[in-house]
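The structure appears right after this line, and notes come after that.
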Amino acid sequence: MTTRLRPIPADPVSPQAEVRTGPDPTYSWGAPVAPGGAGRPFVSLGEPEGYDDRARPRPLGNRVRNRTVMAAACLVLGLGLIGGAVTGSWLIPEAGAGSESSVFATAGSLWHSVPVDQLFPPAVEGQGAGPGGADRTWTRIAVAPDSGCDDAFDPLLRKALAPVGCQRLLRATYTDSTQSYVTTVGLLFAKGDSAAMASLRTRFKNEGLAGRTDLMPRPYAAKDTVAAGFGSEQRASWTVSVLTDAPVVVYAVSGWADGRTVDEPQPAAEAMKSGATTALAQAGLGHEAKGLADRIERALRKTVDSATEQPS
C-alpha cells in the first residue's frame with residue numbers, strides 16, 4: 001500500500017510582517033538606489049575590520065585614530081624642529097658684511113693696542129725674497145715715534161692719500177744682514193671706510209700712482225745707526241700698497257746704507273722685473289723694499305686675524 005505524502009501548507013503571513021520589495025539594507029550593496037529608482041546604487045562602505053591577537057575580528061577604527069594622532073604629533077614635532085632651526089639661523093650672525101666690518105674696524109685700532117714688536121718684529125725673515133729667490137734677513141735698527149703724516153710723504157703723495165685721511169703713522173727702519181742696504185717700512189692707519197680705501201686703491205692702480213717718482217714716501221733716518229744718512233736724496237726704490245680689508249696703507253722705501261745719492265729712483269715693481277739692468281735693480285734694492293713691505297703686511301694680517309678670532 002502506497003502512502004501519499006500530504007503537502008505541508010505554507011506558513012500564514014502575519015499581518016504585522018513587512019513586505020520587502022528591495023535588497024536587505026543591512027548589506028552595503030543593499031543601499032537605496034539613486035533618486036527615481038534608476039542608476040547604480042550608492043554604496044556605503046562599512047567600517048573595516050582587523051584581527052586581534054586571538055584572530056578575532058575587531059574594528060580598525062582605534063588603530064586608524066591612533067595612527068592619525070601619531071602622524072599629527074610627528075607633524076607638530078617636525079614643524080617645531082624647523083621653526084627652531086629657522087629661529088636659530090636668525091639668532092646666529094651670518095658671515096659676510098657684518099664680520100668684514102668688524103675686521104676692518106679692529107684693524108683700524110691696532111696702532112694703539114698692539115706692541116711695536118708685533119707690528120715691526122726685531123728680525124724679519126725673507127725666505128726667497130731676494131733676487132733669484134735668495135733668502136733675506138732684515139734687522140730692525142730704529143722705530144719712529146708714532147705721529148701724523150705731514151712730514152712722512154712728499155707733498156703730492158700726501159695730497160693723493162688725503163681722501164682716506166691719516167689717523168696715525170707708524171714707521172721702522174731695517175737693514176739687511178750685511179748692512180749694505182737700509183729700508184724704511186711704514187703703516188699708515190687711515191680714517192676712511194672700506195669704500196674710501198677701495199676707491200683709493202683703484203685710483204692708484206688706474207693712474208699708476210705707485211710708480212711715480214714724485215709720489216715716493218720719505219725714509220726715517222735714525223741717528224747713530226747705519227741709516228743716519230738715509231734721506232730723500234738716497235731713496236732708490238719703493239712700493240706703496242693700499243689695503244681694502246683694513247684701513248691701512250703699507251709702504252717701504254730702500255736705499256744704500258753708505259748714504260750715496262740716487263739720480264733715478266725706480267719703483268720696486270720695475271726693479272724686480274726679470275732682465276732689469278739698472279744698478280739698483282742689480283743690487284736688489286727693489287726686492288729689499290717689496291720683500292720687507294710684504295712681510296710686514298703679513299704680520300699685520302696675522303695680528304688682525306688673532307684679534308678678531310672668536311672662541312669656539
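All values reported here derive from a predicted model rather than from experimental measurement. Just the heavy atoms: all of them, side chains too, but no hydrogens, waters or symmetry mates, feed the values below.
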Rounding to 0.5 Å, atoms CG (Leu187) and CH2 (Trp111) come to a distance of 13.0 Å

Treating Ile, Leu, Val, Met, Phe, Trp and Tyr as nodes and any side-chain heavy-atom pair under 4.5 angstrom as an edge, say whether Val253 and Leu161 lie in one connected cluster. yes

Under a 4.5 Å cut-off applied to non-hydrogen side-chain atoms, are Pro219 and Gln234 in contact? no

Side-chain ion pair, Asp305 and Arg301, N-O less than 4.0 Å: no

To the nearest 0.5 Å, what is the distance between CG on Leu188 and CZ on Arg171? 10.5 Å

Separation of Arg168 CZ from Cys149 SG (nearest 0.5 Å): 9.5 Å

What pair of heavy atoms forms the shortest contact from Asp135 to Gly128, and how long is it? OD1-N, 2.7 Å

May I ask you to test the Arg235-Arg218 pair for a side-chain heavy-atom distance under 4.5 Å? yes

Would you give the length of the straight line joining atom CG of Asp146 to atom CD of Gln167, rounded to the nearest 0.5 angstrom? 11.0 Å

Would you name the heavy atoms of Cys166 and Gly148 that are closest together and state the gap between them? SG-C, 4.1 Å

Distance from Lys290 atom NZ to Ser237 atom OG, nearest 0.5 Å? 10.5 Å

When rounded to the nearest 0.5 Å, the distance separating CE of Met272 from CD of Gln266 is 11.5 Å

So Phe104 and Pro247, do their side chains get closer than 4.5 Å, heavy atoms only? yes

State, to 0.1 Å, how close Ala142 and Ala222 come at their nearest heavy-atom pair, and which atoms those are. CB-CB, 3.2 Å

Same cluster or not: Leu215 versus Val262, using hydrophobic residues (I, L, V, M, F, W, Y) connected whenever any side-chain heavy atoms lie under 4.5 Å apart? no

Provide the closest heavy-atom pair for Pro131 versus Arg136 in the form atom of the first, atom of the second, distance. CD-NH2, 3.6 Å

Got a sec: does the CD of Glu233 have more than 12 other heavy atoms crowding it under 6.0 Å? no

Tyr174 side chain reached by Ser254 side chain, heavy atoms, under 4.5 Å: no

Would you say Leu200 and Met216 are hydrophobically clustered, going by side-chain heavy atoms of ILVMFWY under 4.5 Å? yes

Go through Leu243 and Leu300 one step at a time and tell me if the side chain to side chain contact (heavy atoms under 4.5 Å, CB included) criterion holds. CA-CA 11 Å; Leu243 308 187; Leu300 173 67; 4.1 Å; yes

Can you give me the closest heavy-atom contact between Phe189 and Gly108, atom names plus distance? CD2-O, 4.0 Å

The single option from Trp238, Tyr220, Phe153 passing ring-ring contact (aromatic ring centres under 6.0 Å, His included) against Tyr251: Phe153

Val164 to Ala190 - nearest heavy-atom pair and separation: O-CB, 3.5 Å

Please say whether more than 12 non-hydrogen atoms of neighbouring residues, nucleotides or ligands are located less than 6.0 Å from CD in Gln282. yes

Is the backbone N or O of Ala195 less than 3.5 Å from a side-chain atom of Ser199, with the two atoms forming a donor-acceptor pair by type? no

Tell me, yes or no, whether the heavy-atom count around Asp151 atom CG, taken from other residues, nucleotides or ligands under 6.0 Å, exceeds 12. no

Note, Pro121 side chain near Ile296 side chain (heavy atom, < 4.5 Å): yes

Minimum side-chain heavy-atom gap Arg140-Asp117 below 4.5 Å: yes

Would you check if Leu156 and Arg212 make a side-chain contact, meaning some heavy-atom pair closer than 4.5 Å? yes

Shared hydrophobic cluster for Val185 and Leu285 (ILVMFWY, side-chain gaps under 4.5 Å): no

Please say yes or no: joined through hydrophobic side-chain contacts below 4.5 Å, possibly via intermediate residues, are Phe120 and Val248 part of one cluster? yes

For Val240 and Val249: C-alpha separation, side-chain torsions, deciding distance, then whether side chain to side chain contact (heavy atoms under 4.5 Å, CB included) applies. CA-CA 7 Å; Val240 179; Val249 177; 3.8 Å; yes

Any donor-acceptor pair under 3.5 Å linking the side chain of Tyr181 with the backbone of Ala283? yes

I'd like to check Trp256 versus Ser180 (side-chain heavy atoms, cut-off strictly below 4.5 Å). Are they in contact? no

Judged by modelled atom types alone, do Thr173 and Thr184 share a side-chain donor-acceptor pair under 3.5 Å? yes

